[in-house]
Amino acid sequence: MCGIVGYIGYRKAQDVILRGLGRLEYRGYDSAGAAILSGKKVKIIKKQGKLKILAAELSDNPIAGTIGIGHTRWATHGVPSDANAHPHSDCAGKIAVVHNGIIENYLDLKRELKKSGHRFISETDTEVIPHLIEKFYKGNLEEAVRNAVKMLKGSYAIAVIHEDEPSKVVGARCDSPLIVGVGKDENFLASDVPAILDYTHNVIYLDNHDIVVITKDGVTVKDMSGRIIRKKPSLINWDISQAEKSGYKHFMLKEIFEQGDVIEKIIDERIRDGRVRFDELKIKDADFKGIKNISIVACGTAYHAGLTGKYMLEEYAKVPCSVDTSSEFRYRNPIVNRDTLVIIVSQSGETADSLAALREAKKKGCRVLGICNVLGSSIAREAHGVIYTHAGPEIAVASTKAYTAQLATFYLITLHLAYIRKTVSAAGLKALIKEFKRCAGLMNDLLSEYKSDYNIIAAYAQEFKKYYHLKHNKSYFLYLARNINYPNALEGALKLKEISYISAEGYPAGEMKHGPIALIDENPWVVCIAAQSKTYDKMLSNIQEIKARGGILIAIVTEGDKEMVHHNVNYTIEIPPVDELFSPLLVVIPLQLMAYYVALEFGHDIDQPRNLAKSVTVE
Ligand code: AGP
């Protein structure tokens, strides 16, 4: 939800800002802007639309200067427009501010500021910030920013410049991410690491209520009372090439194809001498032993990973498990206590609802474990322990490799708990680990079948588009599955909705007869996950019920399935044979590719779907 960049150094600020915003566009892309100290003046340029519009404008009318801030927006308050785009300024036009977050008390602040003569030109919550800074400014920008943020309720990461103090950029954060890139004769501020990786790998993660001043040759972090806080930069050990498309048409496709290697790497790193090792985890084995129940909390795709986790944890680690979306967990007063392990799953580690749920769980005395992809993210830092998924940067808004990395992490936790709690025999654990490793290899084998653009899933997507038009745009998707693949039905539907804007629902197949079957006529395309499993026969019956009512059927089956041919499904997709426990890792691949190719057929912006953002830092 919005990306911000700040730069001070010797390079052309506009180039650094545009490049940095390009790497943050996944956070929001409905407008973009920059403010640059040029000569003695702050020059602001902002445009509705994607970053390329701002880039074109800056290429026609470049702004000289080596200090500046930039922003890419995901609108919360006020429609996407030039006026509502950031940076925002004060009455005198000397201050410029970019902001990620939401100022909840902005209406009260605006009312007060207006009374004392401040003039506003946008509908945003952000605009109160430069006016507050203007109000408090008495020749010390850092102090004015400190006083201004003390007035704010809500979340913010901000970067500020002032033309009377042309040798610094000031930043501050509370519940929205902000990092400092430490360079040589240059320093950076950004919402996320990829924005600065072209220039430095040394990063300081700021904490809530930090105020940072970056100059050309220094970084000073202070707390709210002005005391210096010493922070050591961390070294980022991945490269910017991992955040590039590497020849793929879209990040989403690249990330789908990375999944086999990601899972192989996770297994290599985490399983040593036949045991699961979580080196960074601060929660001790003894604590795991004492757990009476597990509560998994997450949003979107991470929630689906959590639902899958429940199946494995209950079956193999024998721990009762509940799964909530973060926004529900937060407000429903769940019965959790010090015997509960709360697992918060989040790719970004910044999702506002999940962060709030984490704090709620801590308040209730639970042990909190984070499963995060982004190093140093808020959830990773606030949880009692974190397991990083190490999937590498995920850029496409539609999550793919982060999902399978989360699934892999749940397999690891399950194996770990089963070992500690002795719920599976040593021989049983050995066999499970062997199958898990084999499954990672099978993911790569399966993916290799889809390397060419002319694969069967791409062909089915073409067929769907034709059918969709034939049925006057009334066609849509239903995803049905049972048991451990049921969450994959939800995930398949979510993937399709978010990038193709076609209606899709995921259902436990057994629930069809309790209502949704009323929807079945010749319009829906029904994806039935019917890989070999203990509920295979039940899925065959569901397929018959749908067929009898005219639905178009795509069956995901196990290679060598001899039965399905008798069931007259319209299309089949095969996955290699694997133990049902690990099948979600394989089943999800065709679901992700189906969503991708349908969106491609319809010509949508796959990596940046409308109305969405990668990191949802608003509640
Ligand atoms: C997935 O494709 C989505 N874009 C979205 O549902 C996402 O999984 C959700 O917002 C949670 O994000 P997080 O994992 O960063 O917390």
Side-chain angles (χ1 to χ4, degrees), residues 1 3 24-29 74 100 175-177 191-193 250-253 255-256 259 296-309 323-330 343-358 369-383 386-389 391-407 409-410 479 487-488 490-501 504 506 588 591-596 599 604-619:
M1 308 256 120
L24 296 180
E25 232 190 341
Y26 72 86
R27 301 179 66 86
Y29 32 81
W74 185 87
N100 164 212
D175 287 346
S176 292
S191 299
D192 195 3
V193 172
H250 296 96
F251 278 112
M252 182 179 176
L253 195 61
E255 288 159 5
I256 290 173
Q259 294 180 105
I296 302 172
V297 185
C299 304
T301 288
Y303 168 70
H304 299 155
L307 283 175
T308 318
V323 191
D324 275 275
T325 56
S326 309
S327 49
E328 290 302 315
F329 178 88
R330 238 208 110 176
I343 305 183
I344 310 275
V345 194
S346 175
Q347 187 285 131
S348 64
E350 300 293 347
T351 302
D353 286 324
S354 300
L355 191 55
L358 178 154
L369 167 66
I371 298 181
C372 298
N373 194 38
V374 176
L375 301 193
S377 53
S378 302
I379 291 172
R381 284 186 293 166
E382 290 194 28
V386 61
I387 299 174
Y388 284 114
T389 49
E394 189 181 66
I395 308 295
V397 166
S399 184
T400 53
K401 65 173 178 171
Y403 176 63
T404 41
Q406 287 158 355
L407 292 184
T409 307
F410 274 112
Y479 292 76
N488 260 343
L490 301 178
E491 178 59 9
L494 175 65
K495 284 288 88 79
L496 191 94
K497 286 188 260 217
E498 66 179 336
I499 59 171
S500 73
Y501 320 139
V588 77
L591 300 179
Q592 295 165 339
L593 287 168
M594 178 61 84
Y596 174 82
H604 295 312
D605 189 341
I606 290 179
D607 286 334
Q608 296 180 342
R610 71 184 181 205
N611 303 340
L612 295 177
K614 183 79 186 155
S615 165
V616 185
T617 52
V618 294
E619 282 182 52

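Heavy atoms only: backbone and side chains are in, while hydrogens, waters and symmetry mates are out. The chain is numbered in sequence order, starting from 1. In listed order, ligands and their atoms are each counted from 1.
With hydrogens left out, the protein atom closest to atom 2 (O) of ligand 1 is E498 OE2, 2.2 Å, a heavy atom. Of the protein's non-hydrogen atoms, Q347 N, 2.6 Å is the one closest to atom 14 (O) of ligand 1. At the shortest separation from atom 11 (C) of ligand 1 among protein heavy atoms lies C299 O, 3.4 Å. For atom 10 (O) of ligand 1, the closest heavy atom belonging to the protein is V616 CG2, 3.8 Å. Regarding atom 15 (O) of ligand 1, its nearest protein heavy-atom neighbour is S348 OG, 2.7 Å. For atom 13 (P) of ligand 1, the closest non-hydrogen atom of the protein is T351 OG1, 3.2 Å. Of all protein heavy atoms, the one lying nearest to atom 6 (O) of ligand 1 is G300 CA, 3.2 Å.
By the 4.0 Å heavy-atom criterion, S354 is excluded from the residues contacting ligand 1. Ligand 1 is approached by V397 to a heavy-atom distance shorter than 4.0 Å.
Atoms of ligand 1 found under 4.0 Å from any heavy atom of S399 (numbered from 1 in listed order, with element): 1 (C), 2 (O). Residue K495 approaches ligand 1 through these ligand atoms, each under 4.0 Å from one of its heavy atoms: 1 (C), 2 (O). Contact atoms of ligand 1 toward S346: 13 (P), 14 (O), 15 (O), 16 (O) (distance under 4.0 Å to a heavy atom of the residue). Heavy-atom proximity to A398, at under 4.0 Å, picks out these atoms of ligand 1: 2 (O).
Here the closest non-hydrogen pair linking A504 and A493 is CB-O, 3.7 Å. When all heavy atoms of E394 and K401 are compared, the pair lying nearest together is OE2-N, 3.2 Å. Looking at every heavy atom in both residues, I499 comes nearest to A595 through CD1-O, 3.5 Å.
Annotation: V345 places no N or O atom under 3.5 Å from an N or O atom of ligand 1; distance criterion only. At least one N or O atom of T301 sits closer than 3.5 Å to an N or O atom of ligand 1.
For the ring-ring contact (aromatic ring centres under 6.0 Å, His included) test, residues two or more places apart in sequence or in another chain that qualify with Y596 are H250.
Y501 has its side chain within reach of P609: a pair of non-hydrogen atoms, C-beta onward, lies under 4.5 Å apart. Between D607 and Y26 the shortest side-chain heavy-atom distance does not fall below 4.5 Å. Residues L494 and H304 meet the side-chain proximity criterion, which asks for heavy atoms closer than 4.5 Å. Counting heavy atoms from C-beta outward, T301 and K495 have side chains that approach closer than 4.5 Å.
Under a 3.5 Å cut-off, the side chain of Q406 and the backbone N or O of G306 do not form any donor-acceptor pair. Between the side chain of S176 and the backbone N or O of N100, at least one donor-acceptor pair lies under 3.5 Å.
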